[in-house]
Visitor: 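Below is the structure I would like to discuss, written out as structure tokens.
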Amino acid sequence: MRHATLRQLKVFEAIGRLRSVTRAAGELHLTQPTVSIQLKQLSDIVGLPLLEQIGKKLYLTQAGQELLNTCGVIFEQLARFEMLVSDLKGTKAGRLRLSVVTTAQYFIPRLLGRFFERYPGIEVALEVTNRGKVLQRLADNADDLYVLGQPPEHMNVQAESFLDNPLVVVAPHDHPLAGQRQIALPRLAEEYFLTREPGSGTRLAAENHFKDMGIDLKVRMELGSNEAIKLAVAGGLGLAVLSAHTLALEKNSDEITVLDVQGFPIRRQWYVLRPADKQLSIVAQTFLDFLRTESQAMARSYLPQIPAFMPADDVPDANERAMP
Ligand code: PGA
């Protein structure tokens with residue numbers, strides 16, 4: 001391995017992580033033949049194949065998996081060193097990998113805007129996906145920090161809450177329940193509901209809440225994103241439970257409305273997580289500090305526009321219940 005270059009390792013790490021030569025080439029801004037040549041040279045140096053193709057899928061061989069783990073350690077150390085140097089020079093620079101649940105995309109980019117203003121030298125790779133996939137990335141140690149609505153029960157993580165995440169019931173503005181005060185929960189069982197896809201944290205929290213309250217909802221349709229749900233609610237296809245954050249950028253605010261339902265909003269929090277034994281890079285630590293100090297103020301700038309964003313001291317805290 002003495003003759004392997006850092007460039008070859010970078011190329012291999014991207015292919016191994018993305019399980020695709022094309023996507024690795026895209027991420028590294030290289031051509032596909034360049035990437036393939038680097039990979040070939042590296043496996044010649046190792047003397048064993050690193051990847052194997054079965055059908056259309058790429059798999060890591062045992063040597064490949066070991067090398068991918070080694071690359072993880074090398075690049076983490078190098079990133080720490082780069083940060084240390086830029087810290088010594090008085091500037092913060094480096095790369096931050098973040099994985100956030102789809103519902104967090106309503107505030108994380110705003111926060112990143114301010115973060116970039118303060119630390120222009122920091123680059124961010126942001127992965128936005130649902131809870132199930134964020135947890136998978138956490139298990140694979142794919143990123144520096146993870147943002148989701150509830151820490152997992154069976155993983156050894158450090159989790160801290162940093163912001164409220166109330167879940168509300170939304171309906172089309174001309175719905176008969178719109179404008180009514182303190183709608184009784186059982187009344188919702190008469191309505192059709194739209195729900196997020198399996199793996200969604202919002203869906204899981206809403207299901208748990210209704211189950212706890214003994215309410216059986218009529219689910220008419222499953223949709224893969226908060227935006228799709230909002231459009232379907234506006235189109236009169238049913239009601240839905242969504243995070244109040246998803247309404248913050250609401251352009252169709254005259255089309256959907258938040259219902260005043262007993263026991264709502266469901267009180268949740270946003271959590272930032274990392275594996276319990278993970279040592280954060282200086283960039284990740286800088287972002288974590290930023291999240292702690294800036295997110296409340298940032299959310300205050302847009303959440304008050306949402307009528308249902310109010311503290312609800314008398315409803316059970318959904319975060320007290322564990323989620324898988
Ligand atoms: P979701 O996540 O986007 O997967 O619904 C929200 C959450 O974890 O609360």
Side-chain angles (χ1 to χ4, degrees), residues 98-112 126-140 142-143 145-155 157-170 193-212 217 219 221-233 238-250 256 258 263-275 291 295-296 299 302-303 306 308-309 312 315-324:
L98 272 183
S99 226
V100 310
V101 287
T102 44
T103 307
Q105 74 185 349
Y106 295 91
F107 65 90
I108 288 288
R110 289 169 195 249
L111 206 64
L112 283 175
L126 176 65
E127 182 75 27
V128 181
T129 183
N130 75 19
R131 171 184 172 84
K133 295 197 179 119
V134 169
L135 289 180
Q136 186 53 52
R137 292 182 70 86
L138 174 67
D140 295 343
D143 305 285
L145 292 167
Y146 308 81
V147 173
L148 36 81
Q150 176 77 46
E153 199 183 350
H154 300 297
M155 287 169 98
V157 292
Q158 284 185 52
E160 66 179 76
S161 60
F162 62 93
L163 190 61
D164 287 337
N165 177 24
L167 302 189
V168 295
V169 181
V170 292
F193 266 75
L194 311 171
T195 173
R196 285 274 307 278
E197 77 287 359
S200 151
T202 309
R203 170 175 168 156
L204 206 53
E207 280 177 357
N208 286 339
H209 187 71
F210 286 115
K211 202 161 141 210
D212 287 350
L217 288 188
V219 175
M221 210 171 153
E222 208 175 89
L223 294 110
S225 74
N226 293 312
E227 289 306 304
I229 292 215
K230 285 194 285 182
L231 290 169
V233 169
L239 310 187
V241 174
L242 290 178
S243 160
H245 287 266
T246 67
L247 306 176
L249 297 175
E250 199 43 71
I256 64 177
V258 174
F264 274 85
I266 303 176
R267 285 170 53 215
R268 299 185 82 216
Q269 297 278 309
W270 286 114
Y271 286 84
V272 59
L273 265 72
R274 61 189 131 138
L291 202 65
S295 36
Q296 299 277 2
Y302 69 86
L303 280 175
I306 302 162
F309 187 70
V315 292
D317 185 344
N319 290 312
E320 278 158 16
R321 146 199 263 300
M323 285 167 89

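Counting starts at 1 for both ligands and their atoms, in listed order.
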Visitor: Can you list the atoms of ligand 1 that are under 4.0 Å from a heavy atom of Arg196?
Guide: 1 (P), 3 (O), 4 (O), 5 (O)

Visitor: Please answer whether the main-chain N or O of Thr246 pairs with a side-chain N or O of Lys230 as donor and acceptor at a distance below 3.5 Å.
Guide: yes

Visitor: Classify the angle between the aromatic ring planes of Phe264 and Phe210 as parallel (below 30°), tilted (30 to 60°) or perpendicular (above 60°).
Guide: tilted

Visitor: Any idea how Phe107 and His245 line up, ring-wise: parallel (<30°), tilted (30 to 60°), or perpendicular (>60°)?
Guide: tilted

Visitor: Please report whether ligand 1 has a polar contact with Gln150, defined as an N or O pair separated by less than 3.5 Å (distance criterion only).
Guide: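 So ligand 1 has no N or O lying under 3.5 Å from an N or O of Gln150.
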
Visitor: Any idea which protein heavy atom is nearest atom 3 (O) of ligand 1, and the distance to it?
Guide: Thr102 OG1, 2.6 Å

Visitor: Is there a side-chain contact between Leu167 and Pro265 in this structure, where contact means two heavy atoms from C-beta onward sitting under 4.5 Å apart?
Guide: no

Visitor: Any idea which protein heavy atom is nearest atom 8 (O) of ligand 1, and the distance to it?
Guide: Gly149 N, 3.0 Å

Visitor: So, is Trp270 polar-close to ligand 1, with some N/O to N/O distance under 3.5 Å?
Guide: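 By distance alone, the answer is no.
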
Visitor: Any Lys/Arg nitrogen of Glu207 or Arg203 sitting under 4.0 Å from an Asp/Glu carboxylate oxygen of the other?
Guide: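 Salt bridge present between Glu207 and Arg203.
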
Visitor: Taking distance alone, with N or O pairs closer than 3.5 Å, would you say Val101 contacts ligand 1?
Guide: no

Visitor: Pick one of side chain, backbone, both or neither for how Arg268 approaches ligand 1, counting any non-hydrogen atom pair under 4.0 Å.
Guide: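 Side chain only; the backbone of Arg268 stays clear of ligand 1.
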
Visitor: Could you tell me whether Arg131 and ligand 1 have an N or O pair separated by under 3.5 Å?
Guide: yes

Visitor: Can you check whether Asn226 has an N/O within less than 3.5 Å of an N/O in ligand 1?
Guide: no

Visitor: Which of the atoms in ligand 1, numbered in the order shown and given with their element, are less than 4.0 Å from a heavy-atom of Asn130?
Guide: 4 (O)

Visitor: Between the side chain of Arg137 and the main-chain N/O of Tyr146, is any donor-acceptor distance below 3.5 Å?
Guide: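 No, the answer is negative, given that no donor and acceptor are paired below the 3.5 Å cut-off.
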
Visitor: Using a 4.5 Å cut-off on heavy atoms from C-beta on, say whether the side chain of Leu138 contacts that of Leu135.
Guide: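 Result yes, sub-4.5 Å side-chain heavy-atom pair found.
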
